[in-house]
**Q** 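Take this structure, written in structure tokens, and hold onto it; I'll ask about it next.
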Amino acid sequence: MRKIYWRRNSLTPIIFLVLLICFITFITTFHINQESIISFIYHTPNNCDELARNSLLHQSTIPPYHLLIPYQEFAMRTSISCHSYKLDEPKKNPSKLHPRHSQYLRGKFPYIVPYSNITFNDIENFYTKILVTKKNQSKILQTSFASNISFENIPYIYKNDMWHPVGVISAQRTAILIPLQGRDFNAKTFIFNIHAFARRQLLTYTILLIEQVHPLGHRFNKGRLFNAGVRYIQNQESLNITCLILHDVDLIPENDGNFYTCEPIHPKHTTIRVQQVGSKRGYTRYYEFLIGGVLLLTMDLYKKVNGFSNLYWGWGGEDDDLSLRFIQRRICVVRPSDGLAIYAALPHPRGQRNNARFNLLTWSTIRLDTDGFAQIDPMIRFVEIQKRSTVTHIKLDVNANEDLYKAPSIEEYQSLTDQTDEHITTTRKTIITKKNVSTIT
């Protein structure tokens, strides 16, 4: 009896151990298969030679360059920030001066909300005649269009369509691009303030106001306006722009430690905290995936992602589409400290939402090479270009032709989703089969 009892008791831990080993084996195998699928989808090589050598691609119907994304869940869970990158902090060099070495940095920027009667001519007159005569820097200026102006008279000269600080050479040549439709007062308020802000950092800069004058109404296309503005800059070779600042018209920076310079290999997003002008609710932080508001990047990076999509009409979607383009091109975004990247938001009516944006975002990366900056020319017409020293005002017809924009129908969207599920299932089976064949061999 004792012998039999001992044997029964000894089998229990053995059975438990065998089950544990089987469970661990199953979990490990499942994890490896899942990682293989994810790695295959997200890390498909971009080089054509590598594609040709990848045997999996010949057995899978997943497009090698693209990934269809369930946008809303993806955006809320995905980080686009660089986690191991430090912002550029060059040493002081007068022949290539970084804003951090400017002697005019004061910290908090005393932005001004002017009176409603302000005009573009007023702004031009202020920076070319009024401010330049200010001798006492602590003097508060009063004008017919704004009061209590404490902007400093920082020595600047305008030549070859750019503003240059006197006595130093800026590290970069900057273009500030502002798209708009109908927000005339916000545009004047922004331009009036951004000159004083840029001069505190001793930037070499020019400002482009890119206005959609046709079509009017809710069919606003910010992506086409940015693409058109960048095309204009590219065609003005004498400007030799090295840093693009894509700036919403209603945002005014509040701290001059928020440097308006491009990083060499990453886009920089600076709209971290925003507070409505006159609001007592404090600052709002936006979701981490957002790169709208103010984005700084080089011309090369803009071309690498083919700029903005041209398909987003109305409010919303184009900025997140650009985020997906960055992810597709393996580009992460850097941000300054949230204590510096703060903005005052001017009041404005919210535009009509783009109800097609989620459908468009789902297949964003598929369109990357065929919908963007490289395709902008036939979609726009330059109606008028007004040049002042304080702003180049570009008026555009963005050609809202229905034939150029056909949002997917519900049936097309469902078909696209079904095809994606089928592609992923096929790929998983292919990878598992190849692993089994390899194991047998």
**Q** Taking salt bridge (Lys or Arg N to Asp or Glu O under 4.0 Å) as the criterion, tell me which of Asp320, Asp371, Asp319 meets it with Arg325.
**A** Asp371

**Q** Without swapping roles, check the side chain of Asn193 against the backbone of Ile112 for a donor-acceptor pair under 3.5 Å.
**A** yes

**Q** Taking Gln275's backbone N and O only, do any of them form a donor-acceptor pair with Ser279's side chain (distance below 3.5 Å, no angle check)?
**A** no

**Q** Apply the side chain to side chain contact (heavy atoms under 4.5 Å, CB included) test between Pro99 and each candidate in Leu202, Leu203, Leu105; give the one that qualifies.
**A** Leu203

**Q** Do Gln236 side-chain atoms and Ile233 backbone N/O form a donor-acceptor pair below 3.5 Å?
**A** no

**Q** Relative to Phe120, does Lys188 satisfy both conditions: NZ or CZ under 6.0 angstrom from the six-membered ring centre, and within 45 degrees of the ring's axis?
**A** yes

**Q** I'd like to know if the side chain of Lys268 and the backbone of Leu295 have a donor-acceptor N/O pair within less than 3.5 Å.
**A** no

**Q** Quick one: do Lys222 and Glu318 make a salt bridge, cutoff under 4.0 Å?
**A** yes

**Q** Would you say Arg173's side chain and Tyr205's backbone share a donor-acceptor pair under 3.5 angstrom?
**A** no

**Q** Within a reach of under 6.0 Å around CD of Gln142, are more than 12 heavy atoms found that belong to other residues, nucleotides or ligands?
**A** yes

**Q** Can you tell me how far CG of Leu246 sits from CG of Leu297, rounded to the nearest 0.5 angstrom?
**A** 5.5 Å

**Q** Would you give the length of the straight line joining atom CD1 of Ile176 to atom CD1 of Ile245, rounded to the nearest 0.5 angstrom?
**A** 4.5 Å

**Q** Return yes if a side-chain donor-acceptor contact under 3.5 Å exists between Gln172 and Thr204, otherwise no.
**A** no

**Q** Is it the case that Asp321 and Ser309 place a side-chain donor and acceptor less than 3.5 Å from each other?
**A** no

**Q** Are any of the side-chain nitrogens in Asp397 or Arg224 under 4.0 Å away from the carboxylate oxygens of its partner?
**A** no

**Q** Can you find a heavy atom in the side chain of Val277 that is under 4.5 Å from one in the side chain of Val113?
**A** yes

**Q** So, Asp122 versus Thr119: side-chain donor-acceptor pair below 3.5 Å or not?
**A** yes

**Q** Distance from Lys108 atom NZ to Asp256 atom CG, nearest 0.5 Å?
**A** 12.0 Å

**Q** First locate atom OG1 of Thr242, then atom CE of Met299, and finally report the distance between them rounded to the nearest 0.5 Å.
**A** 9.5 Å

**Q** Of all the heavy-atom pairs spanning Arg219 and Gln212, show the shortest one and how long it is.
**A** O-NE2, 2.6 Å

**Q** Is it the case that Arg200 places NZ or CZ above or below the six-membered ring of Phe109, under 6.0 angstrom from the centre and within 45 degrees of the axis?
**A** no

**Q** Check the pair Thr284, Arg273 against side-chain contact (heavy atoms from CB on, under 4.5 Å), reporting the backbone distance first and the verdict last.
**A** CA-CA 5 Å; Thr284 300; Arg273 295 192 299 150; over 6 Å; no

**Q** Going by heavy atoms in the side chains, are Asn125 and Ile130 under 4.5 Å from each other?
**A** yes

**Q** Under 3.5 Å, is there a donor-acceptor pair between the side chain of Asn399 and the main chain of Ile380?
**A** no

**Q** So, are Lys387 and Asp161 salt-bridged, with charged N and O less than 4.0 Å apart?
**A** yes

**Q** How about Phe151 and Leu141: do any of their side-chain heavy atoms sit closer than 4.5 Å?
**A** no

**Q** At their closest point, which heavy atom of Phe190 faces which heavy atom of Val249, and how far apart are they?
**A** CB-O, 3.5 Å

**Q** Say you draw a straight line from CG of Leu322 to OG of Ser364; how long is it, rounded to the nearest 0.5 Å?
**A** 8.5 Å

**Q** Judged by modelled atom types alone, do Tyr283 and Asp338 share a side-chain donor-acceptor pair under 3.5 Å?
**A** no

**Q** Would a distance-only check, ignoring hydrogens and angles, find a side-chain to backbone donor-acceptor pair under 3.5 Å from Asn186 to Asp250?
**A** no

**Q** Could you walk me through whether Asp248 and Ile178 pass side-chain contact (heavy atoms from CB on, under 4.5 Å), step by step?
**A** CA-CA 6 Å; Asp248 280 3; Ile178 312 106; over 6 Å; no

**Q** Tell me if the aromatic rings of Phe259 and His98 count as close, with their centers under 6.0 Å from one another.
**A** yes

**Q** Testing Phe126, Tyr127, Tyr158 one by one against His195 for a ring-ring contact (aromatic ring centres under 6.0 Å, His included), which residue passes?
**A** Tyr127

**Q** Could you check if a side-chain atom of Phe308 sits within less than 4.5 angstrom of a side-chain atom of Ile376, using non-hydrogen atoms only?
**A** no

**Q** Apply salt bridge (charged side-chain N to carboxylate O under 4.0 Å, His left out) to the pair Arg329 and Asp369, showing each step before the final yes or no.
**A** CA-CA 11 Å; Arg329 289 289 191 254; Asp369 292 317; 2.6 Å; yes

**Q** Quick one: pull up CG in Leu209 and CG in Asp184 and give me the separation to the nearest 0.5 Å.
**A** 8.5 Å

**Q** Determine, step by step, whether Arg335 and Ile291 satisfy the side-chain contact (heavy atoms from CB on, under 4.5 Å) criterion, reporting the C-alpha distance in whole Å, the side-chain angles of both residues, the deciding distance to 0.1 Å, and the verdict.
**A** CA-CA 10 Å; Arg335 290 182 168 97; Ile291 59 170; 4.2 Å; yes

**Q** Return the minimal non-hydrogen interatomic distance between Val294 and Thr271, and the atom names on each side.
**A** N-OG1, 2.7 Å

**Q** So do the side chains of Ile207 and Thr392 get within less than 4.5 Å of each other, counting heavy atoms only?
**A** no

**Q** Does Tyr156 reach the side chain of Ile154, with side-chain heavy atoms less than 4.5 Å apart?
**A** yes

**Q** Under a 3.5 Å threshold, yes or no: a donor from one side chain and an acceptor from the other, between Asn221 and Tyr312?
**A** no

**Q** Under 3.5 Å, side chain of Asn306 to main-chain N/O of Phe373, donor-acceptor pair present?
**A** yes

**Q** Would you name the heavy atoms of Asp377 and Arg231 that are closest together and state the gap between them?
**A** OD1-NE, 3.0 Å

**Q** Decide yes or no on side-chain contact (heavy atoms from CB on, under 4.5 Å) for Glu263 and Leu87, but give the supporting numbers first.
**A** CA-CA 7 Å; Glu263 297 298 304; Leu87 294 176; 3.9 Å; yes

**Q** Val391 versus Ile123: any side-chain heavy-atom pair under 4.5 Å?
**A** no

**Q** Run the ring pair (Phe, Tyr, Trp, His ring centres under 6.0 Å) test on Phe145 and Tyr115 for me, step by step, so that the C-alpha distance in whole Å, both residues' side-chain angles and the decisive distance to 0.1 Å come before the verdict.
**A** CA-CA 5 Å; Phe145 54 85; Tyr115 305 143; 8.1 Å; no

**Q** Indicate the atoms forming the closest heavy-atom contact of His266 with Val334, along with that distance.
**A** CB-CG1, 4.0 Å

**Q** Do the non-hydrogen side-chain atoms of Ile272 and Ile342 ever get within less than 4.5 Å of each other?
**A** no

**Q** At their closest point, which heavy atom of Pro336 faces which heavy atom of His269, and how far apart are they?
**A** CD-O, 3.4 Å

**Q** Report yes or no: do Tyr260 and Thr270 form a side-chain donor-acceptor pair below 3.5 Å?
**A** no

**Q** Are the side chain of Trp163 and the backbone of Ser389 linked by a donor-acceptor contact shorter than 3.5 Å?
**A** yes

**Q** Say whether, by atom type as modelled, one donor and one acceptor occur between the side chain of Gln276 and the main chain of Ala344 under 3.5 angstrom.
**A** no

**Q** Using side chain to side chain donor-acceptor pair (under 3.5 Å) as the criterion, point out the one residue from His393, Gln386, Arg183 that pairs with Glu211.
**A** His393

**Q** Show the numbers, then the answer: is there a salt bridge (charged side-chain N to carboxylate O under 4.0 Å, His left out) between Arg106 and Glu152?
**A** CA-CA 11 Å; Arg106 305 287 185 256; Glu152 293 181 59; 3.0 Å; yes

